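Everything quoted here is computed from the prediction, not taken from an experiment. Chain letters run A, B, ... following the sequence lines, proteins first, then strands; residues in each count from 1. Note that these values count all heavy atoms, side chains included, but never hydrogens, waters or copies made by symmetry.
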2 protein chains.
Amino acid sequence: MEKTTAIEALAALAQETRLDIFRALVEYQPDGLPAGKIGELLKLPGATLSFHLNQLKHAGLIQSTRDGRSLIYTANTEAVDLLADFLREDCCSKSVGPAASNSTSFSNMG
Amino acid sequence: MEKTTAIEALAALAQETRLDIFRALVEYQPDGLPAGKIGELLKLPGATLSFHLNQLKHAGLIQSTRDGRSLIYTANTEAVDLLADFLREDCCSKSVGPAASNSTSFSNMG
DNA sequence: GCGATCTTTCCATATTTATAGAAATAAGAA
DNA sequence: TTCTTATTTCTATAAATATGGAAAGATCGC
């Protein structure tokens, strides 16, 4: 996962309203929810909701399909899994770096 | 992990400069780096660096210890692991919720 | 087409976050 | 104590993000 992609996903989830929206969509997997229902559940005015849905969509965390007058939003849980992988592997996991002077070096193993 | 704690950690990492700082500290685990060295590596003015270090510290992602005139910062990789766990488990993992009408229901298993 | 419903975009405004120079604080050295 | 180095806090400012009313765009039923 690209660093910039990860930052966008992190930023998208680093906001209470959006995290709540996303969790609601995860809860209603795999059917998803129409925008109006989300706004009803979380008591959000249309414009505010739409703004946050857009952020989540741009970050690749949700997608939408039209069903008549409604837009059904669904969570892309795979994107979250990739983000978790990024945090653990590409980004921030424990590793022995240049300045390491740890006493439990395994440099003469195998 | 609390939702608010997770949001603070997500917000802390959702910013390029801070993510870079954190990654540098992970790379220099477990010794860490003095603030000045971080600023030198990432070419950041003191005040800007200090601002971001503070954000990361408040989010529980790094900590500091004094060594003479220097403050040595170290990454708290465990916090990132907990954040990754939160994303996978408490928050956003695939699950069958209230509205689920999936055709691969296991309701009459076992 | 017209009205009703669902949702988005437009817009103004409020709030939060980032940037960085300058002054202040902390600690060791002379 | 005074100087030097390392870092933070103060302060102002710029930039990005969030909020929500009002208008506009889609879609359906009549």
Output the rounded distance in Å from [atom1] ([X]) to [atom2] ([N]).
X        : N       : atom1 : atom2 : result
Leu53(B) : dA6(D)  : CG    : C1'   : 13 Å
Lys57(B) : dT7(D)  : NZ    : C1'   : 11 Å
Lys37(B) : dT7(D)  : NZ    : P     : 11 Å
Leu49(B) : dT8(D)  : CG    : P     : 7 Å
Leu33(A) : dC6(C)  : CG    : C1'   : 15 Å
Leu56(A) : dA18(D) : CG    : C1'   : 13 Å
Ile38(B) : dA6(D)  : CD1   : C1'   : 12 Å
Tyr73(B) : dT7(D)  : OH    : C1'   : 8 Å

Exercise. Can you tell me which residue pairs pass the side chain to side chain donor-acceptor pair (under 3.5 Å) test with a partner in residues 11-22 of chain B, sequence neighbours excluded?
Key: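 The answer is Lys3(A)-Glu16(B), Lys3(A)-Asp20(B), Arg18(B)-His52(B).
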
What pairs of donor and acceptor atoms, side-chain ones from residues 54-66 of chain B against any protein atom, are under 3.5 angstrom apart with sequence neighbours left out?
from: Lys57(B); atom 1: NZ; to: Ser64(B); atom 2: OG; distance (Å): 2.7
from: His58(B); atom 1: ND1; to: Asn54(B); atom 2: O; distance (Å): 3.3
from: Arg66(B); atom 1: NH1; to: Gly68(B); atom 2: O; distance (Å): 3.1
from: Arg66(B); atom 1: NH1; to: Arg69(B); atom 2: O; distance (Å): 3.4

Quick check on [N]: is either OP1 or OP2 less than 4.0 Å from any side-chain nitrogen or oxygen of [X]?
X        : N       : result
Ser70(B) : dT7(D)  : yes
His52(B) : dT17(C) : no
Arg66(B) : dA26(C) : no

Quiz item: If each of Leu44(A) and Gly36(B) is mapped to the nucleotide of DNA chain D with the nearest heavy atom, which maps nearer the 5' terminus, i.e. the 5' end?
Solution: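 Its nucleotide being nearer the 5' end, the pick is Gly36(B).
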
Exercise. Applying side chain to side chain contact (heavy atoms under 4.5 Å, CB included) between Leu87(A) and each of Leu83(B), Thr77(B), Asp81(B), report the one that passes.
Key: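 That would be Leu83(B).
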
Practice problem: Please say which of Ile21(B), Leu33(B), Leu25(B) ends up in a side chain to side chain contact (heavy atoms under 4.5 Å, CB included) with Tyr73(B). | Solution: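 Of Ile21(B), Leu33(B), Leu25(B), side chain to side chain contact (heavy atoms under 4.5 Å, CB included) with Tyr73(B) is met by Leu25(B) alone.
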
Quiz item: By side-chain contact (heavy atoms from CB on, under 4.5 Å), which residues pair with Ser50(B), not counting sequence neighbours?
Solution: none

Exercise. Please list, chain by chain and in numerical order, all residues satisfying side-chain contact (heavy atoms from CB on, under 4.5 Å) with Asp85(B), sequence neighbours excluded.
Key: Arg88(A), Leu82(B), Glu89(B)

Side-chain donor-acceptor pairs under 3.5 Å in residues 35-45 of chain B, sequence neighbours left out?
none

Looking only at heavy atoms, which two atoms of [X] and [Y] are closest? And how far apart?
X        : Y        : answer
Ile72(B) : Gly32(B) : CG2-C, 4.1 Å
Leu13(A) : Leu19(A) : O-CB, 3.8 Å
Ala14(B) : Ile7(A)  : O-CG2, 3.7 Å
Ser70(B) : Pro34(B) : CB-CB, 4.0 Å

Practice problem: Using a 4.0 Å heavy-atom cut-off, write out nucleotides 9-16 of chain C from 5' to 3' as B (base contacted by protein), S (sugar-phosphate only) or - (no contact). | Solution: B-------

Exercise. Consider the side chain of Gln55(B), meaning its heavy atoms from C-beta on, and name the nucleotide among dA26(D), dA18(C), dG20(D) that approaches it most closely.
Key: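 Nearest listed nucleotide: dA18(C).
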
Show the distances under 3.5 angstrom between N or O atoms of the protein and N or O atoms of nucleotides 28-30 of chain D.
from: dC28(D); atom 1: O2; to: Arg69(A); atom 2: NH1; distance (Å): 3.2

Exercise. Would you mind reporting whether Val80(B) and Phe22(B) have side-chain heavy atoms less than 4.5 Å apart?
Key: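 The answer is yes, as the side chains (C-beta and beyond) meet within the 4.5 Å cut-off.
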
Quiz prompt | Contact residues, residues 4-22 of chain B to DNA chain D [heavy atom, < 4.0 Å] | solution =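 The stretch gives none, as no residue of it lies under 4.0 Å from the strand.
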
